[in-house]
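As the structure is a prediction and not an experimental result, all values here were calculated from the model. Position 1 is the first residue of the sequence; numbering continues from there.
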Amino acid sequence: MIPIRTGTVVSRFKRIANVRQASGRLFTVCTDDHAPAAIRARVRVEDWILLDPSVGDAVVIDAGRVKIASRSCALINDPEVCVEACREPIHEAWVLVLDQLLKTFASQKAAGSFEDLFHARIVALTARLPAADAVCRLLGLGQGMTPAGDDILVGYMAVEHIRGIADLPGAVCTIVGSEAWSRTSDFSASVLEAASFGHVAGDLLRLIESLTQKPSPVTTEAVETYMWNTGHSSGRDTVFGIACGIGNLHACSKKGRQTA
């Protein structure tokens with residue numbers, strides 16, 4: 001059952017409206033599964049056009065319907081999408097495949113591209129730091145509605161949940177849960193908080209399910225599609241975080257960390 005929520009639209013995009021609740025937390029009214037189900041209310045495209053949310057509008061979600069002024073429509077009943085510790089582990093062969101995909105992407109960009117420089121900066125900022133310090137340097141780092149550093153952390157936390165270590169004291173999930181709201185944008189903090197509990201967007205879960213299988217042309221294409229088509233750079237940054245989480249890249253290696 002979708003909980004009763006009330007709030008005010010604070011930002012509006014093409015098919016996303018961010019709504020602030022009295023608690024200060026955000027949820028989104030949207031047409032797709034770009035965010036975890038825990039923080040979104042999804043409607044059909046034609047209903048989105050009917051609702052036509054504007055900044056300042058009061059929003060009420062009750063009994064499976066979203067209401068703005070006199071306009072009302074039914075929500076799509078999405079089950080919560082959670083990365084569970086009992087899921088199959090990421091196939092070990094992906095360690096080298098992800099490394100190669102990321103290198104291929106970097107080689108296809110002009111020298112000194114934002115993504116290339118950003119990932120190099122991650123290594124410089126986080127290498128040999130304890131987990132808490134590394135996480136704090138990543139939170140809010142980068143551009144966009146979900147800064148690239150936050151996307152990296154989402155990917156990393158997904159791996160922690162697969163490994164079943166998300167609740168350990170030194171786990172990134174635990175650190176993010178206590179630090180995100182003071183270090184990044186409210187929307188991104190909402191996504192990070194959900195990810196720290198294992199709640200992720202549907203497209204990320206589908207990516208992770210691809211990684212539990214042995215690499216093949218089909219699964220590799222699925223990963224490439226996610227990398228290129230998710231946000232401006234969110235797909236690539238999230239995959240970078242997953243690679244860090246499985247020990248593939250130096251930026252989040254086990255050495256010198258207080259986390260797995």
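With rounding to the nearest 0.5 angstrom, the CD1 atom of Ile208 is 11.0 Å from the CD atom of Glu84. If you take CD on Glu209 and CG on Leu204, they are separated by 10.0 Å, rounding to the nearest 0.5 Å. In this structure, CG on Asp237 lies 11.5 Å from CD1 on Ile242, to the nearest 0.5 angstrom. To the nearest 0.5 Å, the span separating CH2 on Trp94 from CD on Gln213 amounts to 8.5 Å. Taking CZ of Phe240 as the start and CE of Met227 as the end, the distance is 11.0 Å to the nearest 0.5 Å. Between the OG1 atom in Thr219 and the CG atom in Leu211 there is a gap of 8.0 Å [rounded to 0.5 Å].
At least one donor-acceptor pair closer than 3.5 Å links the side chain of His161 to the backbone N or O of Gly198. Judged by distance alone, with hydrogens and angles left aside, the side-chain atoms of Arg163 form a donor-acceptor pair with the main-chain N or O of Gly245 at under 3.5 Å. Arg40 contributes no side-chain N or O that, together with a main-chain N or O of Cys30, makes up a donor-acceptor pair within less than 3.5 Å. In this structure, the side chain of Trp228 does not engage the main chain of Val223 through any donor-acceptor pair within 3.5 Å. Checking side-chain atoms of Ser234 against main-chain N and O of Thr230 turns up no donor-acceptor pair under 3.5 Å.
Partners of Thr212 according to the side chain to side chain contact (heavy atoms under 4.5 Å, CB included) rule, which considers only residues two or more places apart in sequence or in another chain, are Glu88. With sequence neighbours excluded, the residues that form a side-chain hydrogen bond (donor to acceptor under 3.5 Å, both in side chains) with Asp33 are Arg206. For Asp57, the side-chain hydrogen bond (donor to acceptor under 3.5 Å, both in side chains) criterion is met by no residue, not counting sequence neighbours. Considering only residues two or more places apart in sequence or on other chains, Ser178 meets the side-chain hydrogen bond (donor to acceptor under 3.5 Å, both in side chains) condition with none of them.
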Listing, residues 188-196 side-chain donor-acceptor contacts under 3.5 Å, not counting sequence neighbours, or none:
{"unit_1": "Ser188", "atom_1": "OG", "unit_2": "Asp150", "atom_2": "OD2", "d": "2.6"}
{"unit_1": "Ser190", "atom_1": "OG", "unit_2": "Asp186", "atom_2": "O", "d": "2.9"}
{"unit_1": "Glu193", "atom_1": "OE1", "unit_2": "Arg25", "atom_2": "NE", "d": "3.4"}
{"unit_1": "Glu193", "atom_1": "OE2", "unit_2": "Arg25", "atom_2": "NH2", "d": "3.0"}
{"unit_1": "Glu193", "atom_1": "OE2", "unit_2": "Trp181", "atom_2": "NE1", "d": "3.3"}
{"unit_1": "Ser196", "atom_1": "OG", "unit_2": "Glu193", "atom_2": "O", "d": "2.6"}

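Contact of the Val45 side chain with the Arg15 side chain is registered, since non-hydrogen atoms from C-beta on lie closer than 4.5 Å. The side-chain heavy atoms of Cys136 and Asp133, taken from C-beta on, include no pair separated by under 4.5 Å. Residues Val83 and His199 form no side-chain contact, since every pair of their non-hydrogen atoms from C-beta on lies 4.5 Å or further apart. Side-chain contact between Val19 and Thr28 is absent, with no heavy atoms from C-beta onward closer than 4.5 Å. Leu51 places a side-chain heavy atom less than 4.5 Å from the side chain of Cys73. Within the 4.5 Å cutoff, side-chain heavy atoms of Ile246 are placed close to those of Leu98. Put simply, the side chain of Arg12 reaches to within 4.5 Å of the side chain of Asp52, judged on heavy atoms. Looking only at side-chain heavy atoms (C-beta outward), Val10 and Leu26 come within less than 4.5 Å of each other.
The minimum heavy-atom distance linking Met145 with Pro147 is given by the pair O-CD, 3.7 Å. Taking both residues in full, the closest heavy atoms of Ser11 and Val55 are given as CA-CG2, 4.0 Å, listed atom of the first, atom of the second, then distance. Nearest approach of Ala171 to Ala166, heavy atoms of both residues: CB-O, 3.5 Å. Here the shortest heavy-atom pairing between Val9 and Ala17 reads CG1-CB, 4.3 Å. In terms of heavy atoms, Glu160 sits closest to Cys173 at OE1-N, 3.0 Å. In terms of heavy-atom proximity, Trp48 sits nearest to Phe13 at CZ2-O, 3.8 Å.
The side-chain hydrogen bond (donor to acceptor under 3.5 Å, both in side chains) contacts involving residues 63-74 comprise Arg65-Ser72, where partners must be two or more places apart or lie in separate chains.
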Practice task
Begin from the C-alpha positions of Thr238 and Ile152 and carry the test side chain to side chain contact (heavy atoms under 4.5 Å, CB included) through to its verdict.
Solution key: CA-CA 5 Å; Thr238 303; Ile152 291 171; over 6 Å; no
Problem - Verdict with supporting geometry, Asp151 and Thr146, side-chain hydrogen bond (donor to acceptor under 3.5 Å, both in side chains) - result: CA-CA 7 Å; Asp151 292 326; Thr146 56; 3.2 Å; yes
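In this structure, Gln21 places its CD atom where more than 12 heavy-atom neighbours from other residues, nucleotides or ligands lie under 6.0 Å away.
Hydrophobic clustering of Ile, Leu, Val, Met, Phe, Trp and Tyr side chains at less than 4.5 Å, counting indirect connections, unites Ile90 with Leu205.
Side-chain contact check for Asn229 and Thr225: no donor-acceptor pair (N or O, by modelled atom type) lies under 3.5 Å.
Because its NZ or CZ atom is both nearer than 6.0 Å to the ring centre of Phe27 and within 45° of the ring axis, Arg5 counts as a cation-pi partner of that residue.
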